[in-house]
**Student:** 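Dropping the structure in here first, questions after.
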Amino acid sequence: MDIKAMDSIEVTKKIVNKEELFILDVRNTTDFADWKIEGENFVYLNVPYFDLMDGVEGILDEIPADKDVLVVCAKGRSSIMVAEMLTEAGLSVSSLDGGMKAWSEHLSPVKVGDLKDGGEIYQFVRIGKGCLSYMIVSNGEAAIIDSARTTDIYLEFAERIGVKVTHVFDTHLHADHISGGRKLAEKTSATYWLPPKDAVDITFEYEPLEDGNEVTIGNTSINIHALYSPGHTIGSTSFIVDEKFLLSGDILFIDSIGRPDLAGLAEDWVKDLRESLYARYRALSGELIVLPAHFMIIEELNADGSVSEKLSTLYETNHGLNIEDENEFRKLVTENLPPQPNAYQEIRETNMGILNPDEEKQRDMEIGPNRCSVR
């Protein structure tokens, strides 16, 4: 029986367009509660696959006939079996191609702005994971910032628009996803930049990314200024691009701020985090467009599926930027924190070059939601 497949591109379009979708998620209840596909007009039913092995008769009345129905599982196999049973019962349903593993890895490039000397900046939205990465393009050259592990999409996109990747940056040592930065640099012979304070245990060569670094992309004088902004990690570094965009890494998000505990040093880094947000960033132009490395909730997406906001607006609307009492701020970022990212210590060690897990292990390590922020 041929079962209709819906891929991650189609699901992403439904999220951005705020379309209706009914999702039957057949993963275990704990996995579903921890992480699911989010959409403003999505409705959910979670019934574990093992409860449906003897038939779907018990849930037929709960499946709508007037909405698109998508069956979801971890890897895309169990959902096909359930979709077959529902189809045999007379319902029209689709199965998520590749399951939540494919959803976790899906990247969509969105142009977020033009640069004054003819370049562009693109945001790559990893919607299932809440990760955001960037490609800055100028006069045939490109820089990539905070790359995801799956690097082919960047290389294919660069080839499509006719640019050569010459620089690759990580704003900090990531703990929630495996960086593709080193792999991209090796594939393209680009220079790989990393904050040296995050690179104490790094096992490979890199260029030290420090406050005041200016790296020109192309020959049209589009400079990337490195701004030291510790707090999420001790080496966290932001970028000001073309005096117009602020790439904030994991320090500042649209609806939240960075958490300081992923290296076990929350109490030590609270002061750095507050100084970065309440002093270093406040000294910048409020007209800068903030482009973070993550988003936390689907409401942070703009109408075109991108994630961005003016810095001045965030100082008006982001709760984490409006806590006058230092003790209250400390309490926010050290107590009642969300769970830490899955396998975050293994991910950190992989990004250091200490561990070298195979591809399937890397996929498993990354499964789960974005957990880099505090609200």
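All values below come from the heavy atoms of this structure, side chains included, with hydrogens, waters and symmetry mates left out.
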**Student:** If every non-hydrogen atom of Lys129 is compared with every non-hydrogen atom of Pro369, which pair is closest and at what distance?
**Tutor:**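 Residues Lys129 and Pro369, closest heavy atoms: NZ-O, 3.8 Å.
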**Student:** Would you say that more than 12 heavy atoms from the other residues, nucleotides or ligands in this model lie under 6.0 Å from the CG of Asp61, or not?
**Tutor:**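 No, because the 6.0 Å sphere around CG of Asp61 holds 12 heavy atoms or fewer from other groups.
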**Student:** Determine the minimum heavy-atom distance between Ala158 and Met135, stating which atoms define it.
**Tutor:**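 The pair with the smallest heavy-atom distance is CB-CE, 4.1 Å.
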**Student:** Looking only at heavy atoms, what is the nearest atom pair of Asp211 and Leu227, with distance?
**Tutor:**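 So the two residues come closest at OD1-CA, 3.5 Å.
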**Student:** Using 30° and 60° as the class limits, which term best fits the ring planes of His172 and His232: parallel, tilted or perpendicular?
**Tutor:**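 Correct class here is perpendicular.
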**Student:** So Ser133 and Asp146, side-chain hydrogen bond (donor to acceptor under 3.5 Å, both in side chains) or not? Walk me through it.
**Tutor:** CA-CA 5 Å; Ser133 50; Asp146 287 332; over 6 Å; no
**Student:** CD of Glu359 to CG of Asp364: how many Å apart, nearest 0.5 Å?
**Tutor:**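 Going from CD on Glu359 over to CG on Asp364, the span is 10.5 Å.
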**Student:** For the backbone of Ile9 and the side chain of Asp7, can you confirm whether one donor and one acceptor N or O come within less than 3.5 Å of each other?
**Tutor:**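 Yes.
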**Student:** Which ILVMFWY residues can you reach from Val16 by hopping between side chains whose heavy atoms are under 4.5 Å apart?
**Tutor:**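 Cluster partners of Val16: none, it stands alone.
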**Student:** Using distance alone, with no hydrogens and no angle criterion, decide if Ser179 and Asp170 have a side-chain donor and acceptor under 3.5 Å apart.
**Tutor:**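 Result is yes, a qualifying pair exists.
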**Student:** Who passes side-chain hydrogen bond (donor to acceptor under 3.5 Å, both in side chains) against Lys36, sequence neighbours left out?
**Tutor:**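 Not a single residue meets the side-chain hydrogen bond (donor to acceptor under 3.5 Å, both in side chains) criterion with Lys36.
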**Student:** Please give the remaining members of the hydrophobic cluster of Phe253, linking ILVMFWY side chains under 4.5 Å, ordered by chain and number.
**Tutor:**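 Listed partners: none, Phe253 stands alone.
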**Student:** Going by heavy atoms in the side chains, are Leu332 and Ile257 under 4.5 Å from each other?
**Tutor:**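 Yes; the side chains approach each other to less than 4.5 Å.
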**Student:** Regarding Asn213 and His225, do their side chains bring together a donor and an acceptor under 3.5 Å, going by distance alone?
**Tutor:**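 His225 and Asn213 do not have a side-chain donor-acceptor pair below 3.5 Å.
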**Student:** For residues 87-131, pull every pair meeting ring-ring contact (aromatic ring centres under 6.0 Å, His included), keeping only residues two or more places apart or in separate chains.
**Tutor:**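 Non-adjacent pairs meeting ring-ring contact (aromatic ring centres under 6.0 Å, His included): Tyr122-Phe157, Phe124-Tyr154, Phe124-Phe157.
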**Student:** What residues, two or more places apart in sequence or in another chain, satisfy side-chain hydrogen bond (donor to acceptor under 3.5 Å, both in side chains) together with Glu309?
**Tutor:**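 For Glu309 there are no side-chain hydrogen bond (donor to acceptor under 3.5 Å, both in side chains) partners, ignoring immediate neighbours.
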**Student:** Check Ala143 against Ile217 and note the closest heavy-atom contact, atom names and distance.
**Tutor:**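 Where Ala143 meets Ile217 most closely, the heavy atoms are CB-CD1, 3.5 Å.
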**Student:** Kindly say whether Glu19 contributes a backbone atom to a donor-acceptor pair with the side chain of Asn41 at under 3.5 angstrom?
**Tutor:**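 The answer is no, because no donor-acceptor pair under 3.5 Å joins these two groups.
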**Student:** Which pairs of donor and acceptor atoms, one on a side chain in residues 45-60, lie under 3.5 Å apart (sequence neighbours left out)?
**Tutor:**
from	atom 1	to	atom 2	distance (Å)
Asn46	ND2	Asp25	O	2.8
Asn46	ND2	Arg27	O	3.1

**Student:** Please name the residue in the list Leu246, Ile224, Leu247 that meets the side-chain contact (heavy atoms from CB on, under 4.5 Å) test with Ile240.
**Tutor:**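 It is Leu246, the one option of Leu246, Ile224, Leu247 that forms the side-chain contact (heavy atoms from CB on, under 4.5 Å) with Ile240.
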**Student:** Please report, to 0.1 Å, the donor-acceptor pairs under 3.5 Å made by any side chain of residues 284-297, with sequence neighbours excluded.
**Tutor:**
from	atom 1	to	atom 2	distance (Å)
Ser285	OG	Glu287	N	3.1
Glu287	OE1	Lys310	NZ	3.2
Glu287	OE2	Lys310	NZ	3.2
His294	ND1	Asp250	OD1	2.6
His294	ND1	Asp250	OD2	3.3
His294	NE2	Asp176	OD1	3.4
His294	NE2	Asp176	OD2	2.7

**Student:** With a sphere of 6.0 Å drawn around CG of Asn356, does it hold more than 12 non-hydrogen atoms of other residues, nucleotides or ligands?
**Tutor:**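 Not buried by this count: 12 neighbours or fewer within 6.0 Å.
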**Student:** State the CG-CD1 distance between Leu173 and Ile234, to the nearest 0.5 angstrom.
**Tutor:**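 If we round to the nearest 0.5 Å, Leu173:CG and Ile234:CD1 are 13.0 Å apart.
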**Student:** Does a donor on one side chain and an acceptor on the other come within less than 3.5 Å for Glu141 and His167?
**Tutor:**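 There is no such pair between these side chains.
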**Student:** Under the criterion side chain to side chain contact (heavy atoms under 4.5 Å, CB included), I'd like the reasoning laid out for Arg330 against Arg274: C-alpha separation, chi angles, the key distance, then a yes or no.
**Tutor:** CA-CA 9 Å; Arg330 177 178 291 274; Arg274 186 171 178 85; over 6 Å; no
**Student:** Can you name the nearest heavy-atom pair linking Phe239 to Ala226, along with the distance?
**Tutor:**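 Answer, listing the atom of Phe239 first, then Ala226: CD2-CA, 4.3 Å.
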**Student:** Between Asp152 and Lys187, is there a salt bridge with N-O shorter than 4.0 Å?
**Tutor:**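 Answer for the salt bridge query: yes.
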**Student:** Check whether more than 12 heavy atoms from other residues, nucleotides or ligands sit under 6.0 Å from atom CD of Glu186, and answer yes or no.
**Tutor:**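 Atom CD in Glu186 is crowded, with more than 12 foreign heavy atoms closer than 6.0 Å.
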**Student:** Out of curiosity, Ile178 CD1 to Thr350 OG1, how far, rounded to the nearest 0.5 Å?
**Tutor:**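 The distance works out to 5.0 Å.
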**Student:** Decide, yes or no, whether a salt bridge links Asp68 with Lys14 under the criterion of side-chain N to carboxylate O below 4.0 Å.
**Tutor:**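 Yes, Asp68 and Lys14 are salt-bridged.
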**Student:** Drop me the distance from Phe169's CZ to Trp193's CH2, to the nearest 0.5 angstrom.
**Tutor:**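 Atom-to-atom, Phe169:CZ and Trp193:CH2 are 6.0 Å apart.
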**Student:** What's the separation between atom OG1 in Thr233 and atom NE2 in His174, rounded to the nearest 0.5 Å?
**Tutor:**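 If I round to the nearest 0.5 Å, the distance is 9.0 Å.
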**Student:** Is it true that, when you exclude Lys67 itself, more than 12 heavy atoms of the residues, nucleotides or ligands shown sit nearer than 6.0 Å to its NZ?
**Tutor:**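 Enclosed: over 12 neighbouring heavy atoms sit under 6.0 Å from NZ of Lys67.
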**Student:** Kindly write out the residues that satisfy side-chain hydrogen bond (donor to acceptor under 3.5 Å, both in side chains) with Asn302, not counting sequence neighbours, or none if the list is empty.
**Tutor:**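 Expected list: Ser306, Ser308.
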**Student:** Could you work out, with side chain to side chain contact (heavy atoms under 4.5 Å, CB included) as the rule, every residue matching Thr150, not counting sequence neighbours?
**Tutor:**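 Residues passing side chain to side chain contact (heavy atoms under 4.5 Å, CB included) with Thr150: Glu105, Leu107, Ala148.
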**Student:** Check whether any side-chain heavy atom of Ile127 sits under 4.5 Å from a side-chain heavy atom of Ser108, and report yes or no.
**Tutor:**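 A side-chain contact under 4.5 Å is absent here.
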**Student:** Under the rule for side-chain hydrogen bond (donor to acceptor under 3.5 Å, both in side chains), what residues qualify as partners of Gln123, not counting sequence neighbours?
**Tutor:**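 With neighbours one apart ignored, the set is Tyr134.
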**Student:** Inspect the contact between Glu159 and Lys164 and indicate whether a charged nitrogen and a carboxylate oxygen are less than 4.0 angstrom apart.
**Tutor:**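 Looking at Lys164 and Glu159, the cut-off is not met.
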**Student:** Tell me whether the count of non-hydrogen atoms from other residues, nucleotides or ligands lying under 6.0 Å of CZ in Arg282 goes above 12.
**Tutor:**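 Yes - once you tally the heavy atoms of other residues, nucleotides and ligands closer than 6.0 Å, there are more than 12.
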**Student:** Do we see a donor-acceptor contact under 3.5 Å between the side chains of Ser229 and Ser276?
**Tutor:**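 Per modelled atom types, Ser229 and Ser276 side chains form no pair under 3.5 Å.
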**Student:** What distance separates Asn139 CG from Leu115 CG, expressed to the nearest 0.5 Å?
**Tutor:**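 The CG atom of Leu115 is 12.0 Å from CG of Asn139, to the nearest 0.5 Å.
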**Student:** If we ignore angles and hydrogens, is there a donor and acceptor under 3.5 Å between the side chains of Ser238 and Tyr281?
**Tutor:**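 Looking only at side-chain atoms, Tyr281 and Ser238 do form a donor-acceptor pair, the distance falling under 3.5 Å.
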**Student:** Looking at side-chain heavy atoms only, is the closest gap between Asn318 and Leu252 below 4.5 Å?
**Tutor:**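 With C-beta onward as the side chain, the pair touches.
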**Student:** Counting heavy atoms not belonging to Glu205, are there more than 12 under 6.0 Å from its CD?
**Tutor:**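 No.
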**Student:** Tell me whether the guanidinium CZ or amine NZ of Arg182 lies under 6.0 angstrom from the six-membered ring centre of Phe204 and within 45° of its axis.
**Tutor:**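 Pair Arg182/Phe204 counts as cation-pi.
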**Student:** So, Glu120 side chain and Asp114 main chain: donor-acceptor pair closer than 3.5 Å or not?
**Tutor:**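 The answer is no, because no donor-acceptor pair under 3.5 Å joins these two groups.
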**Student:** Just grab all the ring-ring contact (aromatic ring centres under 6.0 Å, His included) pairs involving residues 307-331, residues at least two apart or on different chains.
**Tutor:**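 Residue pairs with at least one partner in residues 307-331: Tyr278-Phe329.
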**Student:** Please list all pairs meeting salt bridge (Lys or Arg N to Asp or Glu O under 4.0 Å) that have one or both residues in residues 89-98, counting only residues at least two apart or in different chains.
**Tutor:**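 Checked against salt bridge (Lys or Arg N to Asp or Glu O under 4.0 Å) - neighbours excluded - no pair reaches residues 89-98.
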**Student:** Is there a donor-acceptor pair closer than 3.5 Å between any side-chain N or O of Lys13 and the backbone N or O of Ser8?
**Tutor:**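 No: the side chain of Lys13 does not pair with the backbone of Ser8.
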**Student:** Could Glu326 and Lys331 be called an ion pair, given the rule that one side-chain N must be under 4.0 Å from one carboxylate O?
**Tutor:**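 No, Glu326 and Lys331 are not salt-bridged.
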**Student:** Could you go step by step and tell me if Lys4 and Thr87 meet the side-chain hydrogen bond (donor to acceptor under 3.5 Å, both in side chains) rule?
**Tutor:** CA-CA 10 Å; Lys4 290 186 293 184; Thr87 301; over 6 Å; no
